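See structure below.
Because the structure is predicted, anything quoted here is derived from the model rather than measured. One-based numbering, in listed order, for ligands and for the atoms of each.
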Amino acid sequence: MAAYPSVNWWSGNIRRFESRVSFALRFRELNCISGRKCLDFLSINPVDDTPVGSGDIKRLSAILGEPLSDVESLFARSMGFDDCGRYAPPRRGRGRQFVRYCDVCANCGYHSYLHELEWLAKCPFHGCELKEAWIGKHAGSIALQHMDALNAVMHNQCGSWPHYDNDFPAANQEHIVALENWVVRARRAATRASDAEIWCSAPHAILGNISLAQAFGQLRALACMPEVIEPFVIETGGTWRVQRRQFPNEAKLEIERLDILGVSFSRVLEAYQSIAYVSAGPPPFVTRLEQAKNALQERHGRCHCEWGLFRGGWESHWVKVYPDEQQYRSLSCPFEVALEELERGWGGPGEALIGRKAVQEQLRFIFLAHEMHTAGLIRYKSDADVSSDGYLYVGQDLTSCCIWEEKSPLTKLLDTASTWEIDSACSALSMWLDDIEEGVRPAQRDDPKYCVRLGKAGTGLSLIRWIPAFGAGRPRRPPDPSDVSQVQ
Ligand SMILES: [Zn+2]
Ligand SMILES: [Zn+2]
C-alpha cells in the first residue's frame with residue numbers, strides 16, 4: 001500500500017456487466033504498471049468466477065473510490081447460475097485458452113463477462129457473433145495471458161483505449177433487461193429447488209454436469225423464457241416437463257430420523273430395490289421393469305444391429321458389425337446393452353453377485369442389510385444365517401434372507417422413485433436407440449442426468465421427474481401423459 005499512495009481510477013469507472021479481466025486490464029493500463037503488480041495490488045484473480053469476500057470488496061471500494069454496490073456487482077455476477085446446484089448449466093473449464101469478445105463492444109473499449117458465458121450465442125448488446133482471441137503461449141499466469149490477449153484486441157479495436165468516450169453500455173436496452181430478469185427468475189426458482197433437494201438419482205453412478213440442452217430445458221420450464229431473448233441463447237433445450245408427486249409429513253419425518261442415524265436415502269433406495277425385487281409379492285416397480293424389458297425385446301426382434309460393443313480388459317468400444325457373420329456373435333448389440341443396463345440397474349444384485357466382483361458385492365450387501373436392519377427397515381427371515389452382531393453370513397442367497405418392512409412410511413415413495421428411474425432410463429435408452437437407427441454412432445450418447453429428484457416441500461416431500469418432451473430439436477416419442485404438469 002505504501003508504494004501506491006494513490007491510483008488512477010475514479011468513481012463511476014467500473015462499467016456495467018464488465019468482466020473481471022477487463023477491469024484488471026484497464027486498471028493496469030491506466031496506472032502504467034505491470035500485470036503482476038496490478039494483480040498483486042488488487043489482490044484478485046480475474047479469471048476466477050468465485051465470489052470475493054466482503055472485506056476485499058470494501059478494500060477495493062476504498063482504493064478505487066467506487067461505491068460499494070458497483071464493486072459488488074463487478075464480482076457478484078447478476079447473470080449467472082452459480083448457486084443452482086445440479087440445475088446449473090455446465091461451466092467452462094479452468095484452462096480456457098481464449099478470450100471471447102464482441103468486435104463492436106471492443107470498439108467502445110468494452111468487454112463483458114456476458115461475452116464469456118457459454119450459453120450466450122451472440123453479443124447480448126449488439127446481437128452479433130462473438131469472436132475468440134487466443135491467448136499467447138508465453139510465460140506468466142493464465143490471468144496475465146488473458147489480460148494480454150484482451151489488451152491486443154482493445155488496441156486493435158478502440159482508438160482511445162484504455163479510455164472510452166461514451167456511456168456504453170446503456171442500462172435500458174430492452175433485451176438486456178429481459179435477459180437479466182429471466183436469469184434472476186430462473187436462478188431463484190432453480191436455487192429454491194436445489195436447496196430443498198434431499199436426493200437425486202444417478203443410476204450406475206453416472207455423475208458429472210448436465211448438458212447445456214438439459215440445463216436450459218429445465219430452466220425454461222422453471223421460468224418461462226421471453227421470446228425476445230431466445231435468439232441470444234445457444235441452446236434452448238426443447239420442452240421439458242415435470243411429473244410431481246407429494247408424500248406426507250410422515251415420510252419426511254422418517255427421512256429425518258434416518259438422517260440422524262447416518263442412513264442416506266440413496267442407501268435405503270438401493271436396499272429396497274435389491275430386496276423388493278426378489279420378494280414373494282414383487283412391488284409395482286418390478287412389473288414396470290419387466291414391461292420395459294419386454295418392450296425393448298419386442299422392438300429389437302431379430303437382431304439387425306450394425307454395431308457391437310467390444311469389451312476389452314479395462315475399456316470397451318463400439319465397432320461396426322455385420323449381424324449375420326459368426327465372428328461378431330460374441331459382441332453385444334445396442335439393444336442387448338440397453339437390456340443389460342436395465343437389469344443391472346433395477347434387477348437386484350442377483351446377477352452382480354455372480355460376476356467377478358461377487359465377493360466385494362456380497363460384502364457390500366451384507367453391510368447394507370446390517371445398516372437397514374439396525375434402522376428398522378428390514379427383518380431377516382427366521383431361517384437366515386445371521387451372526388450374533390446382526391450380520392448375514394456369506395454362502396446363502398443374501399437378498400432373499402431379507403424382508404422389507406412394508407409398513408415403512410417410505411415404501412410408497414421408494415417404489416415410485418424406482419418406477420420413475422426406470423421410466424427415465426427407458427426414455428433415455430429409447431432416444432439413444434432412435435439416434436443409432438438414424439446413423440448416430442452409439443458412443444455419442446449423452447443421457448439426461450439427475451432426472452428423478454426428491455425434495456422437501458412444505459410439511460411433506462415432493463418427488464419430481466424431469467421429462468424431455470423433445471430432444472435435440474426434433475420430436476420424440478411423447479412421454480406418459482399420466483400425472484404430468486407444467487412446473488410453475
Ligand atoms: Zn457487442
Ligand atoms: Zn441387435
Side-chain angles (χ1 to χ4, degrees), residues 15-19 21-22 79 98-133 150 153-154 156-159 161 164-180 228-229 231-234 292-311 316-343 426 429-443 445:
R15 301 169 79 176
R16 212 154 172 252
F17 308 119
E18 185 169 11
S19 67
V21 173
S22 168
M79 284 203 235
F98 56 86
V99 176
R100 218 158 66 124
Y101 69 96
C102 161
D103 256 349
V104 189
C105 285
N107 288 339
C108 306
Y110 179 70
H111 180 254
S112 167
Y113 70 78
L114 300 174
H115 297 138
E116 303 264 25
L117 295 175
E118 273 76 5
W119 51 270
L120 276 178
K122 297 171 175 183
C123 172
F125 304 98
H126 301 104
C128 50
E129 297 303 319
L130 294 163
K131 295 190 171 174
E132 286 165 1
L150 186 62
V153 169
M154 292 304 179
N156 275 336
Q157 301 289 333
C158 177
W161 177 254
Y164 60 98
D165 53 8
N166 59 34
D167 55 1
F168 179 81
N172 53 0
Q173 263 184 287
E174 187 201 351
H175 51 270
I176 297 284
V177 174
L179 183 64
E180 194 172 21
V228 67
I229 59 174
F232 292 91
V233 177
I234 208 159
K293 281 158 52 179
N294 290 341
L296 259 181
Q297 271 158 344
E298 205 170 300
R299 179 176 167 187
H300 189 207
R302 184 168 178 273
C303 184
H304 296 291
C305 299
E306 293 174 354
W307 291 94
L309 185 64
F310 175 83
R311 294 178 218 250
S316 50
H317 55 265
W318 289 96
V319 291
K320 268 275 191 196
V321 300
Y322 299 96
D324 294 328
E325 291 189 15
Q326 185 67 33
Q327 58 175 320
Y328 298 119
R329 296 256 160 92
S330 62
L331 305 185
S332 302
C333 78
F335 279 90
E336 288 161 348
V337 167
L339 272 170
E340 279 168 32
E341 282 187 19
L342 286 178
E343 272 162 16
C426 285
L429 287 169
S430 138
M431 283 189 204
W432 178 57
L433 294 166
D434 288 350
D435 282 345
I436 294 171
E437 276 174 8
E438 286 176 24
V440 176
R441 299 174 74 86
R445 178 176 170 185

Legend entry - Metal site angle (apex the Zn ion (ligand 2)), NE2 from His300 and SG from Cys303, 10 degrees: 110°
Legend entry - Between Trp432 and Trp318, ring centroids under 6.0 Å: yes
Legend entry - Apex the Zn ion (ligand 1); atoms Cys123 SG and Cys102 SG; angle rounded to 10 degrees: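 Roughly 110°, rounded to 10°.
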Inset, instruction - Using a strict cut-off of less than 4.0 Å between a Lys/Arg side-chain nitrogen and an Asp/Glu carboxylate oxygen, indicate whether Arg311 and Glu340 qualify as a salt bridge. - result: yes
Inset, instruction - Check the surroundings of atom NZ in Lys131: do more than 12 heavy atoms from other residues, nucleotides or ligands lie under 6.0 Å from it? - result: no
Legend entry - Heteroatom test (N, O or S) for His115 near the Zn ion (ligand 1), limit 2.8 Å: no
Inset, instruction - Check whether any N, O or S atom of Cys305, backbone or side chain, sits closer than 2.8 Å to the Zn ion (ligand 2). - result: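 Yes, Cys305 qualifies, because one of its backbone or side-chain N, O or S atoms lies under 2.8 Å.
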Inset, instruction - Look at the rings of Phe310 and His317 and say which category their plane angle falls in: under 30° parallel, 30 to 60° tilted, over 60° perpendicular. - result: tilted
Inset, instruction - Could you tell me how the ring of His300 sits relative to the ring of Phe335: parallel (under 30°), tilted (30 to 60°) or perpendicular (over 60°)? - result: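 The arrangement is parallel - the two ring planes meet at less than 30°.
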Legend entry - Shortest-distance N/O/S atom, His126 versus the Zn ion (ligand 1): ND1
